[in-house]
S.K.: 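Before anything else, here's the structure in question.
Below, read A as the first sequence line, B as the second, and so on, with proteins coming before strands; counting in each chain starts at 1. Please read these numbers as outputs of a predicted model, since none were measured by experiment.
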Amino acid sequence: MKINVVDHKGAHHELEAPEGYRVMEVIRDYDVGIKAECGGACACATCHVYVDKEWFDKIPEPTDEEIDMLDEAFGVEDNSRLSCQILTDDSIDGITVYLAPGTEPEEKTGDRAA
Amino acid sequence: MSEMIETDVVIIGAGPVGLFAVFELGLLDLKCHLIDILDKPGGQCAELYPEKPIYDIPAWPEISGQGLTDRLLEQIAPFNPEFHYNRMVAGLEKQADGSFIVTTDEDEKFHCKVVVIAAGGGSFQPKRPPVPTIEEYEGKSVFYSVRRMEEFRDQDILIVGGGDSALDWSLALQPIAKSLTLVHRRDAFRGAPDSVKKMKALVEEGKMNFSLGQMTGLEGEGGQLSKVNLKNADGEFSVDATRLLPFFGLTMKLGPIADWGLNLEENLIPVDTEKFATSEPGIFAIGDINTYPGKLKLILSGFHEAALMAHAAKAIVNPDEKVVFQYTTSSTNLQKKLNVK
Ligand SMILES: Cc1cc2nc3c(=O)[nH]c(=O)nc-3n(C[C@H](O)[C@H](O)[C@H](O)COP(=O)(O)OP(=O)(O)OC[C@H]3O[C@@H](n4cnc5c(N)ncnc54)[C@H](O)[C@@H]3O)c2cc1C
Ligand code: FES
């Protein structure tokens, strides 16, 4: 199955996704660039995405916990979801999600000699 | 400026790994001070998943993030560690004699022989809303916490958020504000029901305002805010405000560690796996903040790292003292330190 991800810069990524994972995990593993700081515990809201309107009603509804956590996200819209709470299964094959503002990973400082 | 605090070891970060380091260092008679920007111990376990179960702590088939933190505090209590919360470690400077001076953003100074960086995923800091130009107002009219209430007296205050911080500060600042508006994206709150009730009563009485909405922009000059632009389902609107307090939870940021001249790899501190020493003698890094071949960001790995680090730290603090390896089970000496009766 495949999921489509539009990143913060508007670039489109078609990702081959294994079933039984979370959408956030797929986005993270392909290094598209998502903070997802709490690793899927529904505790950070830095995996916030907008789900394509055509798909929004087709995916299982958010739990109360997820709706509460969206309070810590930015620019929340009617089609906002936390991508760590969406499971990859047949029913979402071909879905498109857009990475929301505030989910960009922290810039890395690296390989600097002391 | 406060007096210099003298100690053997300063531990930066009171997450699970920093906490357990107190135990291993304590068995070797090293005295520790811990500094954390959070208002409580436990790091990620306490901040991100206090109620969620962990299944891979040896001998604990299941324990919650908070449960683990509480147990660690109990385990290290005999060593009387001293905790300094709500402080960011800002500076780390090596002295001519090889010791260190550690400074915080609260202007404290610690003098120590060894520094243990147990900073995990970085310091927990308030999330900055992605609203254009917000940086220009920070510290002048946009604040992420209230350090001095007086800054808010007779101001037009706008608070954004739906959790306890937003509600509690609305209630606390309302009496001294010129005007106070709470803005939240929906008419439901995560905060304590009692605070919600009190807030709604103040709105009824006309003492504060509540609006549904989300921020879109700021207006003002020279860091002085005058207006916040917002939108909701009905359209765009704005609120006059001279102080803004956005409360969207915390996020981990590497922070000042990047400025201490240590080698860094992708925001992590490379260490050896014998002593967990950094590129700077006397500074160790353990837990999620370090990296080495095969590193796993697991609590149990951090515990192991703490034990090996402690022996290396001992050799720096007391170079002439010979350490005899002992078990807590059989050593009366160690048991005395643990207050075993
Ligand atoms: C949802 C979730 C589930 C997890 N489940 C497991 C699991 O099942 N098993 C497992 O082994 N691990 C698990 N982990 C990982 C585990 O929580 C981390 O490995 C562990 O917290 C690392 O501990 P630490 O002490 O190194 O750092 P942290 O817990 O990150 O603590 C570091 C502390 O240092 C402070 N700090 C940093 N810089 C500064 C500074 N400059 N000044 C002041 N304070 C500073 C921070 O505020 C923070 O409190 C999980 C993590 C998450 C998010
Ligand atoms: S990854 Fe933290 S809420 Fe989804």
Side-chain angles (χ1 to χ4, degrees), chain A residues 7-10 22 24-25 28-29 31 33-50 53 61-82 84-85 98-114, chain B residues 44 47-53 65 121-122 124-132 160-163 165-166 184-186 188-191 213-216 231-233 246-255 257-270 278-280 283 291 297:
Chain A
D7 68 22
H8 298 104
K9 296 198 175 99
R22 290 116 184 280
M24 175 279 284
E25 293 172 326
R28 190 184 57 191
D29 285 7
D31 262 339
I34 187 166
K35 190 155 193 183
E37 174 165 87
C38 79
C42 199
C44 74
T46 56
C47 65
H48 172 205
V49 295
Y50 304 118
K53 296 242 159 66
E61 291 195 2
T63 58
D64 288 348
E65 196 186 3
E66 179 181 344
I67 294 169
D68 277 353
M69 204 58 223
L70 276 168
D71 282 357
E72 293 193 4
F74 301 105
V76 178
E77 302 284 349
D78 292 342
N79 59 337
S80 283
R81 289 293 304 263
L82 295 178
C84 70
Q85 302 299 305
Y98 300 81
L99 300 189
T103 60
E104 301 85 356
E106 187 182 11
E107 264 179 56
K108 300 257 155 89
T109 331
D111 301 333
R112 218 189 29 180
Chain B
Q44 294 173 46
E47 181 58 34
L48 291 175
Y49 60 106
E51 313 285 339
K52 292 207 162 71
F124 278 98
Q125 295 178 35
K127 279 189 201 152
R128 167 191 285 163
V131 176
V160 192
S165 304
H184 182 39
R185 70 176 183 97
R186 57 183 183 137
F189 296 85
R190 279 163 302 142
Q214 298 185 73
M215 285 187 284
T216 55
K231 68 167 189 181
N232 63 23
F247 291 114
F248 288 88
L250 305 176
T251 187
M252 289 180 279
K253 293 207 177 122
L254 183 63
I257 293 172
D259 309 326
W260 298 340
L262 296 168
N263 281 350
L264 287 179
E265 260 175 48
E266 301 259 308
N267 283 11
L268 298 169
I269 305 175
T278 68
S279 54
E280 188 63 53
I283 306 180
T291 182
K297 286 189 185 182

S.K.: Tell me, side chain or backbone of B:Thr216 under 4.5 Å from chain A's heavy atoms, or both, or neither?
M.R.: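 For B:Thr216, no heavy atom lies under 4.5 Å from chain A.
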S.K.: For residues A:Phe74 and B:Pro129, report the shortest heavy-atom separation together with the two atoms involved.
M.R.: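 Answer, listing the atom of A:Phe74 first, then B:Pro129: CE2-CA, 3.4 Å.
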S.K.: State plainly whether the residues B:Arg186 and A:Asp68 are in salt-bridge range, i.e. N to O under 4.0 Å.
M.R.: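 Looking at B:Arg186 and A:Asp68, the cut-off is met.
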S.K.: Are A:Glu104 and B:Arg128 close enough for a salt bridge, meaning some N to O gap below 4.0 Å?
M.R.: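 Looking at B:Arg128 together with A:Glu104, the answer is no, because their closest N to O distance does not fall below 4.0 Å.
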S.K.: Please classify the contact of B:Lys52 with chain A as side chain, backbone, both or neither, using a heavy-atom distance under 4.5 Å.
M.R.: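 The side chain, not the backbone.
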S.K.: Does one side chain, of A:Thr46 or B:Lys127, offer a donor that lies under 3.5 Å from an acceptor on the other?
M.R.: no
S.K.: Looking at B:Leu250 and A:Glu37, what are the two nearest heavy atoms and their distance?
M.R.: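 Minimum heavy-atom contact is O-OE1, 3.9 Å.
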S.K.: Grab the two heavy atoms, one from B:Met252 and one from A:Glu106, that are nearest each other, plus how far apart they are.
M.R.: O-OE1, 3.7 Å
S.K.: Would you compute the distance between atom CD of A:Glu72 and atom OG1 of B:Thr251 and round it to the nearest 0.5 angstrom?
M.R.: 10.0 Å
S.K.: Could you work out, with salt bridge (charged side-chain N to carboxylate O under 4.0 Å, His left out) as the rule, every residue matching B:Arg185, not counting sequence neighbours?
M.R.: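 Salt bridge (charged side-chain N to carboxylate O under 4.0 Å, His left out) check on B:Arg185 returns A:Asp71.
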S.K.: Specify the closest pair of heavy atoms between B:Pro130 and A:Pro101, including all atoms of both residues, with the distance to one decimal.
M.R.: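 Nearest pair, atom of B:Pro130 first, then A:Pro101: CG-CB, 3.9 Å.
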S.K.: Working to the nearest 0.5 Å, report the span between CG of A:Leu70 and CZ of B:Arg190.
M.R.: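 Here the interatomic distance stands at 10.0 Å.
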